[in-house]
There are 2 protein chains.
Amino acid sequence: MMSVTIKDIAKAANVSYATVSRALSGHSEISDKTKKKIRKLAKEMGYTPNAIAKGLVTKNTKTLGFIVPDITNPFFPEVAQGVEDCANRNGYQVFLCNTSWKLEKEKQYLKALYGKRVDGIVVSPTSNDITHLVEADRNKVPVVFAAYRPAIADCNFVATDDYKSAEIAAEYLLKLGHRKIAYIGGQQESCTNKYRLKGYTDVLKKHDISLSPSYIKHGAFRQQSGYQLTKELLIANDVPTAILAGNDIIALGVIQAIEEFGLDVPNNISVVGFDDISFASLDKVQLTTVFQPKYTTGELCVEVLLQKIKDGDQNPTHKMLEPELVIRRTCKGI
Amino acid sequence: MMSVTIKDIAKAANVSYATVSRALSGHSEISDKTKKKIRKLAKEMGYTPNAIAKGLVTKNTKTLGFIVPDITNPFFPEVAQGVEDCANRNGYQVFLCNTSWKLEKEKQYLKALYGKRVDGIVVSPTSNDITHLVEADRNKVPVVFAAYRPAIADCNFVATDDYKSAEIAAEYLLKLGHRKIAYIGGQQESCTNKYRLKGYTDVLKKHDISLSPSYIKHGAFRQQSGYQLTKELLIANDVPTAILAGNDIIALGVIQAIEEFGLDVPNNISVVGFDDISFASLDKVQLTTVFQPKYTTGELCVEVLLQKIKDGDQNPTHKMLEPELVIRRTCKGI
DNA sequence: GCTAGAAATTAAAACGTTTGCGGCATTATG
DNA sequence: CATAATGCCGCAAACGTTTTAATTTCTAGC
């Protein structure tokens, strides 16, 4: 499995290997005749440029990293699609890394990506502990946060306004006449969760609705977690009339729990999620949720990343995207 | 953003850079004292080894590639999870590449991956045209096919027996009393589709049921495709009592179409899918389907890949996994 | 036919590692 | 004390490219 190198071609064509390099890359003065000859030869010999040797000298690898916490949540593949498409359009490839919500894995991947000298990293962090990512951005390689708004100011990010998303959802529920609204969140510490929780509580406060602490529960951004927490909620004596779920995946678990409990969605309890993953629109599901521009998020992340890479600009870029309520069939007036 | 190299450390420690290399990698004779000194220094200076320079000399990158046709189909993320976990356990990282069912992209990615000199590739091919993949396996880098059984004999693959899967599903439908069973497939040319189709037709033949050609339709492994083809099917005059869908995603589209048409699943038409993606078990969906060990597929793929990498064995390895019917609520006796 | 200048090509250094070989201390052996 | 063995470490080549500077070849004008 010995691969053919530029030197092999040079020998075969009886020229220096500098000439071969130029003939192949094209962006240097070289006669048409030799260029053609060499290219033909290269193809015949089955030459594939060694990107890693090239990376060593040019200092760029035309590679990006994308770190996601859960590839099993359809939200992230959609973002990934945007990341990938935009990267490809610009001649970049992407390393997709999945942390399974483990901080340790996130750190490992960060190190590995930098070790491979990727030109930039987009990351949807696993937790609120992002010091390693910030440090990397400052000293080693540009990073932009996807679907996450860091508490620290001088980071790049593109995110949907989670606070506003929650506001919209809560206001909608209130407009439907609900007063007893529970919140089943994901990881309590995560920024996404914090903003959504804040939007929810603020709206309730604004309408002078007292917050029952038993109505606020946290777990993980997973179906199982939504299911479990809702069970707990339903066993207690004061059952809410509506539930705001931390995201669509959680919402699916919430609904499952409600129906297993013998209650109906939306007749007994209304449910709204966040994200609008593709399965939310299934006829059988028809989940009311707050849409988040997933694909666009991915695209924009790469755009700002490439910008940073190109001009070395260290100033933080922030992009806030607009959420949108999409009303389907899991909510009902009271 | 100048990164610190082994030479910088050597200078600081006042030793040769060979010594630094040895101190860091550890697997060479070196005194404990200098080893400690150098490691401490390296940490202080924020050294991250340049994996690409290392790869250039050692000829291996500790990196695998995984090419999938559609990251948006939950089937693949689950396989990817298995691939990743097993790779990580063995000190490898994986490049996840998504072709969006485009052969051209598959070829591009293959070239890019080889350019980056990944140590091995696992691929779920986009089409039945796999010559480029086979060629790569023979001359450049070991590749194993995931969830795909090539027509050519001397390839590595780990797949679930698609023929058997279809047999199981068809037999089940027959046992329920169905005689008018349609098949809504994915890409007609794909191997997966061919085996499933064959299993289906063979079973019907065995039971002396004549195959209506209008009952067999092909499109893509996508929800939209299943939806569209089912619409066509329902408009025709001879409506089937059961539909075998090419996979779960298609099945979801099939069900959508049936219900939009004013019919009920399973009361008017039974539906069964393949794969058992996580959403199939949702309370609202409860899709009867044929389970395929997705995570295991991923794991096994990298196991055989690593084996090939380690001992350079060129003999093809085949692994067939067992499907399993999981009965839920989209089928009914007649 | 000469020469200036442009065009095409080559030589060689550089990128950041690993590693085989050789050399020098240090210790063990006789 | 001389020698052999051992343990550490340095030198330098190698990996496959790109690229700058130098050199050769070509073209054209006189």
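Throughout, a chain's letter reflects where its sequence line sits, starting with A, and its residues are numbered from 1.
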From [atom1] of [X] over to [atom2] of [N], roughly how many Å is that when rounded to an integer?
{"X": "A/Tyr114", "N": "C/dG16", "atom1": "OH", "atom2": "C1'", "result": "12 Å"}
{"X": "B/Asn60", "N": "C/dT19", "atom1": "CG", "atom2": "P", "result": "9 Å"}
{"X": "B/Tyr47", "N": "C/dG16", "atom1": "OH", "atom2": "P", "result": "10 Å"}
{"X": "A/Leu56", "N": "C/dT17", "atom1": "CG", "atom2": "P", "result": "9 Å"}
{"X": "A/Asp32", "N": "C/dA7", "atom1": "CG", "atom2": "C1'", "result": "13 Å"}
{"X": "B/Leu24", "N": "D/dC9", "atom1": "CG", "atom2": "C1'", "result": "16 Å"}
{"X": "A/Lys33", "N": "C/dT9", "atom1": "NZ", "atom2": "P", "result": "8 Å"}
{"X": "B/Lys36", "N": "D/dC9", "atom1": "NZ", "atom2": "P", "result": "14 Å"}

Under 4.0 Å between a side-chain N or O of [X] and OP1 or OP2 of [N]?
{"X": "B/Thr34", "N": "D/dC8", "value": "no"}
{"X": "A/Thr5", "N": "D/dG16", "value": "no"}
{"X": "A/Ser31", "N": "C/dT9", "value": "yes"}
{"X": "A/Ser25", "N": "D/dT18", "value": "no"}
{"X": "A/Lys35", "N": "C/dA8", "value": "no"}
{"X": "A/Thr19", "N": "C/dT9", "value": "no"}
{"X": "A/Ser21", "N": "D/dT18", "value": "yes"}

Do you see a donor-acceptor pair shorter than 3.5 Å between the side chains of [X] and [Y]?
{"X": "B/Gln81", "Y": "A/Asn98", "result": "yes"}
{"X": "B/Lys308", "Y": "B/Thr317", "result": "yes"}
{"X": "B/Thr63", "Y": "A/Lys116", "result": "yes"}

Report the nucleotide, chosen from [options], that has the shortest atom-to-atom distance to any side-chain atom of [X].
{"X": "B/Lys7", "options": "D/dC11, D/dT18, C/dG16", "answer": "C/dG16"}
{"X": "B/Val15", "options": "D/dG10, C/dC15, C/dT9", "answer": "D/dG10"}
{"X": "B/Arg22", "options": "D/dT18, D/dC9, D/dC15", "answer": "D/dC9"}
{"X": "B/Ala18", "options": "C/dT18, C/dA12, D/dA12", "answer": "D/dA12"}
{"X": "A/Tyr17", "options": "D/dT17, C/dT18, C/dT19", "answer": "D/dT17"}

Are any of the side-chain nitrogens in B/Glu106 or B/Lys102 under 4.0 Å away from the carboxylate oxygens of its partner? no
**Report entry** B/Arg117 (side chain) and D/dG16 (base): donor-acceptor pair under 3.5 Å
**Finding:**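 Check fails, no donor-acceptor contact within cut-off.
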**Asked** Are A/Lys140 and B/Thr48 close enough, and set up right, to give a side chain to side chain contact (heavy atoms under 4.5 Å, CB included), and what steps lead you there?
**Response** CA-CA 10 Å; A/Lys140 303 184 166 169; B/Thr48 320; 3.2 Å; yes
TODO: Looking at every strand, decide which applies to A/Lys59 at a 4.0 Å heavy-atom threshold: base, sugar-phosphate, or nothing.
DONE: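 Answer is sugar-phosphate: A/Lys59 comes under 4.0 Å of backbone atoms only.
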**Prompt:** Does A/Thr126 reach the main-chain N or O of A/Leu103 with its side chain, forming a donor-acceptor pair under 3.5 Å?
**Reply:** no
5'-most contact on DNA chain D (nearest-nucleotide basis), B/Val20 vs B/Thr58, goes to B/Val20
